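Quick caveat, the model's predicted, so the values are computed rather than measured. Note that ligands are numbered from 1 as they come in the structure, with each ligand's atoms numbered from 1 the same way. Throughout, residue positions are numbered sequentially from 1 according to the sequence presented.
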Amino acid sequence: MNKIVIINGPNLNLLGVRETSVYGDRDFQSYFETLRSRYPAVDLMYFQSNHEGAIIDKIHEVGFSAAGIVLNAGAYTHTSLAIADAIAAVTAPVIEVHISNVYARESFRHHSYLAKNCKGVICGFGLDGYRLALESLLGQ
Ligand code: DQA
């Protein structure tokens, strides 16, 4: 069975509550359950942390065995060389996802330290971006 791991970074535990005009009013857990039921043949796992080191540890843990990682590193996208290095270190393809269209927002959100080490980047499609990333990983 294909193991795909979704990793969400800081503040994404507050989806559904946080800045709903930007990120929508659905909590991630309920979205994840819908996604999981849509792809019963996929061993879909979810991890969220507000801590940079915990995200790096999870990338190391699953990055040599999973078929792919879908990563929304939140604001760490724009700051973290350490997460960029973790992505480069593992063998699993990583797709960077952002719920919002970061290019339509503040200029500090326009740069990603992670993108260069990712297979691709999906942003601006709301939560559906996670499904699009999953489809891409399954199609490869
Ligand atoms: C985000 C965009 C980031 O700039 C922001 O810091 C987030 C969420 C997104 O999903 O749109 O926390 O990654």
Side-chain angles (χ1 to χ4, degrees):
M1 199 187 246
N2 278 329
K3 181 163 98 179
I4 307 266
V5 183
I6 296 175
I7 301 177
N8 272 344
N11 302 305
L12 294 164
N13 54 311
L14 293 182
L15 284 174
V17 176
R18 165 196 190 201
E19 298 179 85
T20 52
S21 62
V22 179
Y23 299 113
D25 54 15
R26 185 151 188 200
D27 69 279
F28 196 80
Q29 201 56 46
S30 96
Y31 173 75
F32 178 69
E33 293 312 328
T34 304
L35 202 57
R36 191 180 238 168
S37 58
R38 192 166 164 168
Y39 297 91
V42 180
D43 181 12
L44 196 57
M45 296 168 64
Y46 173 54
F47 176 79
Q48 189 278 329
S49 177
N50 295 321
H51 304 278
E52 188 174 21
I55 293 166
I56 292 166
D57 286 345
K58 183 54 75 172
I59 292 169
H60 292 177
E61 181 192 321
V62 303
F64 295 94
S65 58
I69 296 173
V70 179
L71 174 65
N72 184 348
Y76 284 140
T77 305
H78 318 299
T79 64
S80 180
L81 285 168
I83 294 178
D85 283 351
I87 295 166
V90 299
T91 52
V94 178
I95 298 187
E96 176 179 327
V97 167
H98 300 287
I99 297 162
S100 64
N101 179 357
V102 287
Y103 298 102
R105 302 181 64 195
E106 303 97 321
S107 58
F108 62 81
R109 296 185 203 277
H110 297 181
H111 179 257
S112 165
Y113 280 102
L114 316 184
K116 142 185 185 311
N117 296 337
C118 291
K119 185 170 180 229
V121 180
I122 294 169
C123 80
F125 294 95
L127 290 176
D128 199 38
Y130 293 89
R131 181 192 62 81
L132 294 168
L134 181 59
E135 291 273 357
S136 167
L137 289 168
L138 294 175
Q140 72 185 351

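When hydrogens are left out, the protein atom nearest atom 11 (O) of ligand 1 is Ser100 OG, 2.6 Å; that is the closest non-hydrogen contact. Protein heavy atom in closest approach to atom 12 (O) of ligand 1: Arg18 NH2, 3.0 Å. Taking atom 4 (O) of ligand 1 as the reference point, the nearest protein heavy-atom neighbour is His78 NE2, 2.7 Å.
Here the side chains of Gln48 and Leu15 are not in contact, with every heavy-atom distance at 4.5 Å or above. Taking 4.5 Å as the limit, some side-chain heavy atom of Ile99 sits within range of a side-chain heavy atom of Tyr130. Counting heavy atoms from C-beta outward, His98 and Asn72 have side chains that approach closer than 4.5 Å.
At least one heavy atom of Asn72 sits less than 4.0 Å from an atom of ligand 1. At least one heavy atom of Tyr23 lies less than 4.0 angstrom from ligand 1.
Under 4.0 Å from ligand 1, the heavy atoms of Val102 that appear belong solely to its side chain. Within the 4.0 Å heavy-atom criterion, neither part of Glu96 lies near ligand 1. Both the backbone and the side chain of Ile99 come within 4.0 Å of ligand 1, judged by heavy-atom distances.
Heavy-atom neighbours of His51 NE2 from other residues, nucleotides or ligands within 6.0 Å: at or below the threshold of 12.
Atom 13 (O) of ligand 1 has its nearest heavy-atom neighbour, among Glu19, Arg109, Arg105, His98, in His98.
Taking each heavy atom of Ile69 and Gly63 in turn, the nearest pair found is CD1-CA, 4.1 Å.
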